[in-house]
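Below you'll find the structure, written out as structure tokens, and then a few comments.
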Amino acid sequence: MLLNISYNNKEIKEKINKEVGTPFTLMERIKLKGSGSPKLHITSTSIEIHNLLILDSKTNTCNIELRPKGIIVMFKSLLETYGLIIPYYKLNLYKGKAQEYSIYKDHYFIKVKADSPAIHKFMIKILDYKADNALPQIEDIR
């Protein structure tokens with residue numbers, strides 16, 4: 001779900017909270033050693049996101065917020081902030097090239113440059129949190 005999250009709209013907040021959960025509390029963020037990514041440089045995107053990013057001539061960057069049931073990939077276009085809301089069960093995170101990660105949800109995708117150890121560490125944190133909090137699979141039942 002791609003949403004304009006620039007404004008304090010109660011309906012949009014409820015949609016986001018229903019999809020990926022409410023933000024972590026301060027204590028939970030301390031235990032996780034942070035719930036936000038460093039600045040990520042976008043290398044390529046799906047057509048819907050690309051059409052938003054080409055509206056201005058700024059460097060295309062984004063950041064990721066970790067939530068209990070998913071992630072939010074946020075980026076700016078003109079003066080608006082957009083969020084790609086991705087629950088863990090729809091999240092596919094790939095490391096294609098040595099310095100690039102691909103984040104997929106259905107027909108949306110964002111590829112980001114990973115040129116620092118902090119970015120690699122955050123992506124591993126997402127995968128670990130996803131694995132620890134995934135719904136039970138049929139193989140888990142014995």
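In this text, all values refer to a predicted model and were calculated from it rather than measured experimentally. If you read the sequence from its start, that first residue is 1, and numbering goes on from there.
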Query raised in the report: Going only through I, L, V, M, F, W and Y residues with side-chain contacts under 4.5 Å, is there a path from Ile64 to Leu3?
Result: no
**Report entry** Heavy-atom closest contact (Thr22 atom, Pro68 atom, distance)
**Finding:** O-CD, 3.0 Å
**Report entry** Cluster overlap Phe75 with Ile54, hydrophobic side-chain contacts below 4.5 Å
**Finding:** no
Requested in this report: Compare all side-chain heavy atoms of Leu40 with those of Ile119 and state whether any distance is below 4.5 angstrom.
Outcome: yes
**Report entry** Whether Ser77 side chain and Leu52 backbone form a donor-acceptor pair below 3.5 Å
**Finding:** yes
Query raised in the report: Backbone N or O of Gly34 within a donor-acceptor pair of the Arg29 side chain at under 3.5 Å?
Result: no
Query raised in the report: Just how far is it from atom CD1 of Ile85 to atom CD1 of Ile72, taken to the nearest 0.5 Å?
Result: 5.0 Å
Query - Connected via hydrophobic side-chain network under 4.5 Å: Met74 and Leu53 - result: no
**Report entry** Worked check of side chain to side chain contact (heavy atoms under 4.5 Å, CB included) between Leu84 and Ile49
**Finding:** CA-CA 9 Å; Leu84 180 59; Ile49 297 169; 4.1 Å; yes
Report summary line: For Leu79, the side-chain contact (heavy atoms from CB on, under 4.5 Å) test, sequence neighbours excluded, returns none
Query raised in the report: Is there a side-chain contact between Met1 and Lys15 (heavy atoms, below 4.5 Å)?
Result: yes
**Report entry** Residues forming a side-chain contact (heavy atoms from CB on, under 4.5 Å) with Lys97, sequence neighbours excluded
**Finding:** Glu100
Report summary line: The salt bridge (Lys or Arg N to Asp or Glu O under 4.0 Å) partners of Asp128 (sequence neighbours excluded) come to none
Query - Lys125 atom NZ, over 12 foreign heavy atoms within 6.0 Å - result: yes
Requested in this report: Go through the side-chain N and O atoms of Lys13 and Asn8 and say whether any donor and acceptor fall under 3.5 Å apart.
Outcome: yes
Report task. Could I get the full list of side-chain hydrogen bond (donor to acceptor under 3.5 Å, both in side chains) partners for Ser44, not counting sequence neighbours? Result -> none
Query raised in the report: Same hydrophobic cluster for Leu127 and Leu91, using side-chain heavy-atom links shorter than 4.5 Å among ILVMFWY?
Result: yes
Query - Residues which pass side-chain contact (heavy atoms from CB on, under 4.5 Å) with Tyr104, listed by chain and number, not counting sequence neighbours - result: Asn92, Tyr94, Ser102, Phe109, Lys111
Query raised in the report: Under the side-chain hydrogen bond (donor to acceptor under 3.5 Å, both in side chains) criterion, do Glu48 and Tyr82 qualify, and how do the steps go?
Result: CA-CA 12 Å; Glu48 296 91 345; Tyr82 293 90; over 6 Å; no
Requested in this report: Using side-chain contact (heavy atoms from CB on, under 4.5 Å) as the criterion, list what pairs up with Thr59, not counting sequence neighbours.
Outcome: His41, Thr61
Requested in this report: For Asp115 and Gln99, test the side chains for any donor-to-acceptor distance below 3.5 angstrom and give the result as yes or no.
Outcome: no
**Report entry** Pairwise distance CD1(Ile71) to CD1(Ile103) - rounded to 0.5 angstrom
**Finding:** 5.5 Å
Query - Partner residues of Glu65 under the salt bridge (Lys or Arg N to Asp or Glu O under 4.0 Å) criterion, sequence neighbours left out - result: Arg67
Query raised in the report: Between the main-chain N or O of Thr25 and the side-chain N or O of Glu28, is there a donor-acceptor pair closer than 3.5 Å?
Result: yes
Report task. Just jot down the side-chain hydrogen bond (donor to acceptor under 3.5 Å, both in side chains) partners of Lys95, sequence neighbours excluded, or say none. Result -> none
**Report entry** Side chains of Cys62 and Val112 in contact at under 4.5 Å (non-hydrogen atoms)
**Finding:** yes
**Report entry** Short side-chain to backbone donor-acceptor contact, Asp106 and Tyr108, under 3.5 Å
**Finding:** no
Report task. Find out whether Pro87 and Lys69 are in side-chain contact, i.e. whether some heavy atom of one side chain is under 4.5 Å from a heavy atom of the other. Result -> no
Query raised in the report: Should Leu66 and Val20 be regarded as members of a common hydrophobic cluster, given that ILVMFWY residues are connected when their side-chain heavy atoms come within less than 4.5 Å of each other, either directly or indirectly?
Result: no
Query raised in the report: Should we count CD of Glu14 as having more than 12 external heavy atoms under 6.0 Å?
Result: yes
Requested in this report: May I ask you to test the Ile12-Ile5 pair for a side-chain heavy-atom distance under 4.5 Å?
Outcome: yes
Query raised in the report: Quick one: does Ile110's side chain get under 4.5 Å of Tyr101's, heavy atoms only?
Result: no
Query - OG-CD1 distance between Ser37 and Ile126, expressed to the nearest 0.5 angstrom - result: 7.0 Å
Requested in this report: With sequence neighbours left out, write down each residue that passes ring pair (Phe, Tyr, Trp, His ring centres under 6.0 Å) with His50, or none if nothing qualifies.
Outcome: none
Query raised in the report: Looking at residues at least two apart in the chain, or sitting in another chain, which of them share a side-chain hydrogen bond (donor to acceptor under 3.5 Å, both in side chains) with Tyr88?
Result: none
Query raised in the report: If you round to the nearest 0.5 Å, how far is CE of Met27 from NZ of Lys31?
Result: 6.0 Å
Query raised in the report: Which residues pass the ring pair (Phe, Tyr, Trp, His ring centres under 6.0 Å) test with Phe122, sequence neighbours left out?
Result: none
Requested in this report: Apply salt bridge (Lys or Arg N to Asp or Glu O under 4.0 Å) to Lys39 and list each qualifying residue two or more places apart in sequence or on a separate chain.
Outcome: none
